[in-house]
Enquirer: 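Here you go, one structure.
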Amino acid sequence: MAISPVVTPQREGVRVAIDRGGTFCDVWAFIPSHLYTPPIPLELLGNADIITGDQVDQGVQVTFKLLSVDPANYDDAPSEGIRRLLQIVKKEKVLKGEVYDTSLIESVRMGTTVATNALLEKKGEPFGLVLTQGFKDMLEIGDQTRPDLFDLSISGKVKMLYKPEDVVQAGERVTLEGWSLDQSAPSADELIERAKAVGDEAVVMGVSGEAVRILKPLDVEKVERDLKALFDRGLRAVAICLLHSYTFPQHERKIGEIARQIGFTQVSLSSDLSPAIKVLPRGNSAAIDAYLSPILRAYVDGFNSHFAGKKAGKRSEFMKSDGGLVSSGKFSGLRAVLSGPAGGFVGSALTAYSQTRGRPVVGFDMGGTSTDVSRFSGEFELTFESVVAGVPIACPQLSIETVAAGGGSKLTYKNGMFVVGPESVGAHPGPACYRKGGELAITDANLVLGRLIPSQFPRIFGPNADEPLDVEASKTKFSILTREINASRPDKMPYTVHEVAAGFIKVANEGMSRPMRQITEQRGFAMSSHDLCCFGGAGGQHACAIAAGLGIETVVVPRFSSILSAYGIACASLSAEGALPLTAEVVDDFQSSRTYVEAAKRIQTLKQDVLRQLQEQGANESEVAFTVTIAAQYDGADTILQIPFSPSLKSDFIEAHLRETSFSSNRKVLMSNIRVRGEGKTFNVSPTDYATGLKEAQSVSLPPTKASAHNIAYFDTASGVKEIQTPIYILSHIPVNSQISGPAIIVDSTQTIVVEPSARATILKEHVILRLNDAESEKNETQEELSTDPIMLAVFANRFMSIAEQMGHTLQRTSVSVSIKERLDFSCSIHGTDGALVANAPHIPVHLGSMQYAVQAQHNHWLGRLRPGDVLLTNHPQWGGTHLPDLTTVTPVFEPGNDTKVLFYVASRGHHSDIGGTGVTSMNPIAKELWEEGVVIDTFKLVSQGQFNEAGVRELFAKVAERPGCSATRRIDHNITDLQAAISANVRGIRLVHKLFEEFGTKTVLFYMKEIQVVARETIREFLRTTFDKFGGKPLKASDYMDDGTEIKLEVRIDREEGTAVFDWNGTGPQVLGNCNMPVALTYAAIIYCLRSMISPEIPMPLNQGVLDPIENIVPVGSYINPTGVVAISGSTIACQRLVDIILQAFKAAACSQGCASSTGFGSGGKDASGKVTPGFSYGESLGGGSGAGPSWNGSSCVHVHCTNTKLTDTEIFEQRCPMLLVESAVRRGSGGQGRYRGGDGMSKLFEARMPLNFSIVSQRRVFHPRGLEGGQDGARGKNTVYRSNRSVGVEEDGFTEIGVGSNGIAKLGTGDRVKIETPGGGGWGSSDL
């Protein structure tokens, strides 16, 4: 490694880089030769390592760790790190608490979790929030999803960062002119010219190149008054986000100018922070920036207060989330949320990626509380929309995935399974071995297994932070846990302590591998083509095992692996960014187009702005490099890819899209945003490309290196956990180019590298390279009788769910419809040989349990007649369907070499917003019989031995138009693409399960497919016994009504001895000529959902057929909830909310929730009364409401409940696509039922038609209230209203005529007509008098 300053000062000073993580604070420093005078007394050196250069005049590098939180010894870890460093430089004691003289320090660079912690702990600065009139609740409503499907209390919903009284509604409104679903849409220039031709000056060109209509100019006086009121209340920070400000920022800028004049010291404009469409992430970004920036400034000031002159060094820079540095004076809250992990990404990329080898690198940063994974293939990949602390934001960040598994992850045994995390024991008290009374963690497991050497670990533990790790504490607690585990399985061979510890390591490794598959395989990159860069304090103990499980041959461990985040911060460059929206088509001859010329102009403007920002921070123009990317997407799709700007932009996008999503389209390619990023160095740190050294090492033969010591360690081999006398090597004592064969342990003062028996380590100057040998294959079929292993149960449960999730990811990315891609209305599953559910990724709860009946129906019908390459399609309610829009694809998977024996099935189900019929969308409010609702498929061979039957699909959908009053689907191209996406998802699942067969053997995989069902079954049995005792063995009864007056009744009878229950629905009313009849499959979906929701989330329970094994479900044929296949069912997925409410009432688990999803549709075109078919569009949305309160919680407002969890379409996307205006979106205050715990409030949405179109609504709880429980009051009913423009109904005066729509209905809207949907509130719990 070479370090050279860009501009060399007269006498350069010390350079420091610090990463303050959740558990450890890592310090790297470079001390120039004129400031370093060895030897350093040990009492001053502490646990620091000194690394000398090749030449005497190169200076030295210093590395060490300290605990991030240690209140007994210091108040701030980074300043304590600098104090310890100063002792080394000055060779004298520097007392704690005094102001430190840092005149010898040239620069301090830091990555910090201060912003992240303030966000997680809600300890930011109070701020005001300015939003467009009618949207004061926009951020509170969010995207209406709940984070945990089975948490009835919805405790994980993000709490607001601001107070409702601190929201200002700006009197202003703009929208886009024109709409993208218009198949003959005029250009923006044409729209503006048309408006001018009729004297309309309200249509102007937006920054993005879109036409903007100013509906209401900014009321300056009102906003100034309101901001002054906030200021007078003591607020000094304000966030401003107005609709469509990404393209029309003038109103935001004016408000920002007013705020600064008033005296606000922090003004965050969404249009400055993220000039891109989607108001919700942009608004959250502005809010987070206003909330965190003052805290960061205070932290920086507090950090600097430890030093003379209030400066830690001559230069002070902080790491941003995008991997670049920024001077401390420009460090902002929004850019800081991934400050620490970004350093690790940069460090792994620069030290582990070899230009010579050219192999992409997966970064594996295992810290104390979490593990971050990343991918680098020569360029840093940024993401511009992400979720931080549960909040969707728009901000450039390095693409990093995080899993809650680190050295401090808590180890527990629950429900017969080994569980790692997600809770962490933290830095204080830490794991059991930290001598502070902590609980068992992964660190303890590695210690017990002999993989950590206490004498080499920093002596920073115990009350005085000066003791080594406590091995006996770990062994004692593991012995207690082992006895507990063995007592729970008396008929099985008992585990040893070391087998238990190794089991937890195996489960942890599987959990940490999951995000690595997501960033590689899910995006079309083969995992085996990557190297693994292992770093973080705990990474070296797991690297070989994880690489082996992923099929990776080479692991790169940089010299500074345990402090690589700090080293990466040292290597980073100053960065700045600029962005401008530009919405236009990317044509084939892009370079000759007007768009290319306009983009080039904007790029030049952005480059000048970025250069100015960097020069202000000390960068030289000659050292600045620019990267220009374009946000590109297919027309109507939501998968946006960042593509480098070039004349071949269109073909580059198509190629990248094909790789990442497995499909291409003949649709137009659109661009929406230009981003310019500049990087400028202040000094260069150039890590060595290890490929040359590796080649040299492989060509020389050195005598074997003598081990420094030996230690008994335990390794998980194919024949079990084995005790092996293992050599220990001190890294600094091993000659360069040495080869160390496993098993071995290589240590220095900050890291431990475990070389597994099947691996070999090559020691280079600045790296340790681990090469995995081809271990003896473990996939050979075992001939022994298999028995259940709790460790493997956890591994397979994790892997099966991961496969279902990856299938869902594939479906989402390859589909084109909004309902699947953006609203996420889909599910994917794996099924056993007989079709029984093995794993269902928790996408949409209404699909849980019900999908297996669709698969089993196909299995029984086609038994013995399917062949490899076949894919089946179904949606019929009598064949396991939920409602017709949910099209299910089922793919059988055969035993290798046997084309007739099905081993398992994979299935994908996605909601199609248009399948034909008599309705505006596929949610048909006026249908009475099934044939009116669109295409009906009992079974259809969609693919026959690999051949996609497109002609057959088109014929199926076209036949709908032959029925009286029915139209065929308006977008058959969408239907076909989404079906192909479902096929791709199934193919993905098949490949992944085949990998399991290769890894573990077919017999073992099929065995655990059944065994995880046993876990679920026994969990339910125990729950039923507990419930029997709670209610004294009495039958549990409940009933409720549908809005048409039909009663649904339930009685649950539990047999305690057997641990079984009968769900008896006798007494339920008959099926009706209406659309809310429910196929019987939905009763199973409701039962499986409710049972999982009523069981503690701390109990691990796979979701599969085992949940239903102890349940007998008696559903009368011909009833409302088991119709005969003749009546309509399109509203069934909304109506089944009533089933959940009834079950939860019977078990007294929660009050009724909104019991609805208010499926709202708009559209045009189709077949008219004369039979004429005209082109048009359809657009559907479902709306959240109030959730029910419970015995210890208030309900949540404006969320989807129980059976569904789809996202709201962003308001700006909605108005861009549809000829509609969203006038208001608000929380329906006071609609939740009163009680000791209040029900959540419903939602109110007011739409306005901008052209004649059709409106439809399918809803419930407009007649009967959501019930309260245990004395709590009922929630408010919902309400659907059409407001006709008075002039359209012959009334002269301005205004509207109100018309009630009822629960279900269709209405024709004229231009200016409005629709208001008010969703129900949740019921309250308990008497408010208590």
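In this chain, numbering begins with 1 at the start of the sequence shown.
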Enquirer: Spell out, as yes or no, whether a donor-acceptor pair under 3.5 Å connects the side chain of Arg375 to the backbone of Val362.
Expert: no

Enquirer: Determine whether the aromatic ring centres of residues Phe418 and Tyr413 are separated by less than 6.0 angstrom.
Expert: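 Ring centroids of Tyr413 and Phe418 are less than 6.0 Å from each other.
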
Enquirer: Does the pair Lys410/Glu423 count as a salt bridge with the N-to-O cut at 4.0 Å?
Expert: no

Enquirer: Establish, from distance only, whether the side-chain atoms of Tyr690 and Arg357 form a donor-acceptor pair under 3.5 Å.
Expert: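 Result is yes, a qualifying pair exists.
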
Enquirer: Under the 3.5 angstrom rule, does the side chain of Ser738 hit a backbone N or O of Ile734 as a donor-acceptor pair?
Expert: no

Enquirer: State plainly whether the residues Arg517 and Glu510 are in salt-bridge range, i.e. N to O under 4.0 Å.
Expert: yes

Enquirer: Can Ser68 and Arg20 be counted as having a side-chain donor-acceptor contact under 3.5 angstrom?
Expert: no

Enquirer: State whether the number of non-hydrogen atoms from other residues, nucleotides or ligands found under 6.0 Å of Gln739 atom CD is greater than 12.
Expert: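 Buried by this count: over 12 neighbours within 6.0 Å.
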
Enquirer: Answer yes if the ring centres of Phe796 and Phe1000 are under 6.0 angstrom apart, and no otherwise.
Expert: yes

Enquirer: Do the charged groups of Arg451 and Glu756 touch, with an N to O distance under 4.0 Å?
Expert: yes

Enquirer: With no hydrogens and no angle check, is any side-chain donor or acceptor of Asp444 less than 3.5 Å from a backbone partner on Cys433?
Expert: yes

Enquirer: Is the Phe376 ring parallel, tilted or perpendicular to the Tyr353 ring (thresholds 30°, 60°)?
Expert: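 Geometry flag for Tyr353 against Phe376: perpendicular rings.
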
Enquirer: Do Gln87 side-chain atoms and Val94 backbone N/O form a donor-acceptor pair below 3.5 Å?
Expert: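 At least one qualifying donor-acceptor pair exists.
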
Enquirer: Is the backbone N or O of Met417 less than 3.5 Å from a side-chain atom of Asn415, with the two atoms forming a donor-acceptor pair by type?
Expert: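 A pair under 3.5 Å: no.
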
Enquirer: Looking at Met792, is its backbone amide N or carbonyl O close enough to the side chain of Lys506 to form a donor-acceptor pair, meaning the two atoms are under 3.5 Å apart?
Expert: no

Enquirer: Should the pair Lys65 and Phe24 be classed as cation-pi, given the thresholds of under 6.0 Å to the six-membered ring centre and 45° from the axis?
Expert: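 Yes, Lys65 and Phe24 form such a contact.
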
Enquirer: Return yes if some donor-acceptor pair links the side-chain N/O of Arg489 with the main-chain N/O of Met493 below 3.5 Å, else return no.
Expert: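 Yes, the answer is positive, given that a donor and an acceptor are paired below the 3.5 Å cut-off.
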
Enquirer: Tell me if a side-chain donor or acceptor on Ser802 pairs with a main-chain N or O of Asn798 at a distance below 3.5 Å.
Expert: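 A pair under 3.5 Å: no.
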
Enquirer: Between Arg84 (side chain only) and Leu66 (backbone N and O only), is there a donor and an acceptor less than 3.5 Å apart?
Expert: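 Answer holds: no.
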
Enquirer: Judged by atom type as modelled, is there a donor-acceptor pair below 3.5 Å linking the side chain of Ser565 to the main-chain atoms of Gly344?
Expert: yes

Enquirer: Classify the side-chain pair Thr752/Gln541 by whether it contains a donor and acceptor separated by less than 3.5 Å.
Expert: no

Enquirer: Are side-chain N/O atoms of Asn711 and Thr726 paired as donor and acceptor at under 3.5 Å?
Expert: no

